[in-house]
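Notes follow the structure.
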Amino acid sequence: DLTSKLDRVFRNLRGVGKISESNIRDAMADVRRALLEADVNLQVSRDFLARVEEKALGQEVMKSLQPAQLFVKIVHDELVALLGEKEARMGTAKKPPTVIMVVGLQGSGKTTFCAKLARHFKAKGRRPLLIAADLQRPAAQDQLQVLGESIGVNVFRGESKNPVEVCEAGLRHARKISLDPVILDTAGRLHVDDELMNELDRVRKGTEPAEILFVADGMTGQDAVNSAKAFFERLSFSGVVLTKMDGDTRGGAALSIRAVTDVPIKFMSVGEKLDQLEPFHPDRVAGRILG
Amino acid sequence: FKPGRKLDKSLLQELEDILLSADVGLETTDHLIAKLQEAGRKVGPDADADALLREQVVALLREAEATPPPQGAPHVVLVVGVNGTGKTTSVGKLGKYYANQGKSVMFAAADTFRAAAIEQLKIWGERSGIQVVAGLPNGDSAAVAVDALQAAANRNTDFLIVDTAGRLHNKANLMQELEKVSRVLKKRQEGAPHEVLLVLDATTGQNGLNQAREFTRTAGVTGLILTKIDGTAKGGVALAIAHTMKLPIRYVGYGESLDDFDPFDAEKFAESLLG
Ligand SMILES: Nc1nc2c(ncn2[C@@H]2O[C@H](COP(=O)(O)OP(=O)(O)OP(=O)(O)O)[C@@H](O)[C@H]2O)c(=O)[nH]1
Ligand SMILES: Nc1nc2c(ncn2[C@@H]2O[C@H](COP(=O)(O)OP(=O)(O)OP(=O)(O)O)[C@@H](O)[C@H]2O)c(=O)[nH]1
Ligand SMILES: [Mg+2]
Ligand SMILES: [Mg+2]
């Protein structure tokens with residue numbers, strides 16, 4: 001792991017005299033390697049390493065009796081600071097119902113997350129409504145309906161073949177029978193599909209969400225910055241959800257996405273069951289990224 | 001990127017960045033850069049660096065190619081992978097691909113766990129006129145697979161494609177379930193499953209290597225289906241898998257429709273990776 005690697009870097013010179021800048025450079029190379037193996041974006045890694053180097057050279061690492069530990073602490077703390085605050089809050093509408101729009105690439109875990117989020121609100125005494133706005137994937141509406149039934153949450157399936165109209169109709173339905181919040185499950189799409197990105201824009205204009213959550217697969221590699229940036233430029237999403245974090249992925253996408261959008265990561269999905277949802281813990285993810 | 005550039009230190013750095021940004025990973029990138037330098041020395045000062053690197057990528061992929069397995073009767077293809085990578089969609093596409101060649105195909109809906117998984121595959125079956133053998137939700141996955149194999153054998157079907165549930169490779173019980181599916185297929189018909197295709201999402205990072213290792217250890221993966229290559233992700237981890245495990249990429253999925261599917265083309269892949 002990283003600490004023992006860095007231990008070796010610094011141990012070799014403990015007897016020889018004081019730590020030099022070139023030793024710090026060697027340690028930096030090990031950190032760079034760890035970040036890339038963890039799928040942190042190449043440019044994001046570079047920017048991060050520059051910040052760490054500045055701190056390491058300016059600090060007491062060179063005089064420390066435990067340089068490896070101190071160096072790792074600097075890296076870890078910088079990573080935690082960058083990954084952001086713990087438990088970022090969700091937006092609420094001034095006039096209910098609160099609309100939460102869930103978006104992201106194909107297969108990232110949106111439909112499952114929508115049901116988890118509904119369960120989370122129900123457990124807090126709210127009465128959520130799920131809207132099945134994915135009209136394109138085979139049996140997507142069935143999928144959401146089965147999940148909704150398993151937790152006793154209403155699922156709205158519209159008449160229209162137009163996802164925007166389905167969302168608007170679902171919102172009217174929620175107002176009529178006082179369901180709140182309203183969670184919109186949208187179809188997965190590529191950020192380079194202009195037509196489908198425009199459709200999301202129309203959904204947003206039609207439903208005025210208080211919260212837009214970008215759901216990203218925790219095992220995403222270098223491309224995480226591309227999709228996150230494009231979705232952010234179009235929708236200015238207000239929260240990020242990382243899924244499949246029950247796998248053994250190092251999760252570097254967390255840092256990449258946070259670095260290029262500065263949007264807080266609000267939830268982590270840690271399993272296929274609907275109760276497997278956690279708030280985001282930056283310190284845990286930092287440790288995981290560093291390996 | 002400009003073709004025909006000279007191989008110098010700054011270009012090497014640029015090419016290394018391109019490979020790393022494409023998810024090729026440190027080990028395979030180092031290997032390719034070393035191979036490039038070696039080739040560059042042989043060719044001399046007029047070496048076209050970009051063309052040479054493309055050649056190295058293609059060469060690496062060729063080393064991972066394998067002769068396709070002998071045709072089974074029926075020929076059983078087991079489709080596996082982690083959650084959400086495009087297995088069910090790829091089963092639909094692969095079925096259509098065989099059907100277009102005049103072959104008879106059957107699907108086994110062996111994902112008995114996920115909500116509406118059976119419905120999803122049935123819709124794909126309807127779209128290409130392919131029969132789907134299914135059990136009940138939450139039934140035994142291996143039982144569905146072997147029932148389908150029995151049905152396919154009875155009907156002299158050319159291809160049986162088995163769709164399985166997504167599962168993370170670090171979940172021992174789920175990997176055991178998969179091993180059981182493979183084992184009962186083999187028990188029912190010697191040689192089955194004739195192909196085990198790991199469906200890999202092109203957006204996947206280095207975790208793809210773990211997936212390939214574990215699924216191969218459990219279910220004897222014979223090749224990859226690389227999906228979602230129509231996005232901006234390059235799928236470079238598939239190259240790392242080809243390099244470190246000699247697993248061939250068999251097919252590529254590039255969209256959500258039935259026809260967005262082709263047999264793998266190494267030259268095309270190399271060009272898009274470095275482009
Ligand atoms: N292990 C694990 N699996 C998950 C998690 N979240 C979702 N999944 C699984 O990932 C797969 C895809 O989930 P979906 O909810 O269908 O993903 P989606 O984003 O709605 O997919 P599209 O609508 O096709 O874009 C399913 O098999 C889910 O059960 C998670 O946190 N852990
Ligand atoms: N753009 C694009 N989307 C794809 C491709 N292949 C599959 N998809 C989409 O990815 C999502 C997930 O596909 P599925 O076939 O349900 O994936 P899966 O691996 O069977 O998922 P689980 O069974 O839940 O593990 C769907 O929205 C598909 O339409 C592809 O090649 N390109
Ligand atoms: Mg969905
Ligand atoms: Mg599936």
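Note on naming: letters A, B, ... go to the chains in the order of the sequence lines (proteins, then strands), and numbering restarts at 1 for each one. Excluded from the calculations below are hydrogen atoms, water molecules and symmetry mates; all remaining heavy atoms, backbone and side chain alike, are included. Everything quoted here is computed from the prediction, not taken from an experiment.
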(request) Taking atom CD of B:Glu27 as the centre, report whether more than 12 heavy atoms of other residues, nucleotides or ligands fall under 6.0 Å from it. (result)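 For B:Glu27, atom CD is not crowded (no more than 12 foreign heavy atoms under 6.0 Å).
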
(request) Please say whether more than 12 non-hydrogen atoms of neighbouring residues, nucleotides or ligands are located less than 6.0 Å from NZ in B:Lys171. (result) yes

Taking the side chain from [X] and the backbone from [Y], do they hold a donor-acceptor pair closer than 3.5 Å?
| X | Y | value |
| --- | --- | --- |
| B:Asp23 | A:Gln222 | yes |
| A:Asp39 | B:Gln206 | yes |
| B:Asn170 | A:Asp246 | yes |

(request) Give the member of B:Leu26, B:Thr85, B:Leu20 that has the highest number of heavy-atom pairs under 4.5 Å with chain A. (result)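 Greatest number of close heavy-atom pairs with chain A: B:Leu26.
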
(message) Taking every non-hydrogen pair under 4.5 Å, which of B:Asn210, B:Val82, B:Asn83 racks up the most with chain A?
(response) B:Asn83

(request) Before giving the answer on side-chain contact (heavy atoms from CB on, under 4.5 Å), spell out for B:Thr204 and A:Thr220 the whole-Å C-alpha distance, their side-chain angles and the decisive distance to 0.1 Å. (result) CA-CA 5 Å; B:Thr204 306; A:Thr220 310; over 6 Å; no

Contact part of [X] toward chain B, heavy-atom cut-off under 4.5 Å: side chain, backbone, both or neither?
| X | answer |
| --- | --- |
| A:Leu42 | side chain |
| A:Arg33 | both |
| A:Asn226 | side chain |
| A:Leu105 | side chain |

(request) Please determine which of B:Arg127, B:Glu256, B:Lys122 meets the side-chain contact (heavy atoms from CB on, under 4.5 Å) test together with A:Pro138. (result) B:Arg127

(message) Taking side chain as everything from C-beta outward and backbone as N, CA, C, O, which of these in B:Val237 sits under 4.5 Å from a heavy atom of chain A? Side chain, backbone, both or neither.
(response) neither

(request) Using non-hydrogen atoms and a 4.5 Å limit, figure out which bit of B:Glu16 sits close to chain A: side chain, backbone, both or neither. (result) side chain

(message) Taking every non-hydrogen pair under 4.5 Å, which of A:Lys244, A:Glu272, A:Glu37, A:Gln136 racks up the most with chain B?
(response) A:Glu272

(message) With heavy-atom distances below 4.5 Å as the criterion, would you say the side chains of B:Thr89 and A:Gln106 are in contact?
(response)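 Heavy-atom side-chain distance check fails, nothing below 4.5 Å.
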
(message) Run B:Thr203 and A:Asp223 through side chain to side chain donor-acceptor pair (under 3.5 Å) and show every step you take.
(response) CA-CA 6 Å; B:Thr203 64; A:Asp223 194 58; over 6 Å; no

(message) Using every non-hydrogen atom in the two residues, find where B:Ala115 and A:Val146 come nearest and quote the distance to one decimal.
(response) CB-CG1, 3.7 Å

(request) Work out which heavy atom in B:Ala116 is nearest to a heavy atom in A:Ala139; give both atom names and the distance. (result)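 Looking at all heavy atoms of both residues, the closest pair is CB-O, 3.8 Å.
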
(message) Under 4.0 Å between a side-chain nitrogen and a carboxylate oxygen: does that hold for B:Asp17 and A:Arg46?
(response) yes

(request) Starting from the C-alpha separation in whole Å, work towards a yes-or-no answer on side-chain contact (heavy atoms from CB on, under 4.5 Å) for B:Lys228 and A:Leu190. (result) CA-CA 9 Å; B:Lys228 308 180 197 172; A:Leu190 297 177; 5.5 Å; no

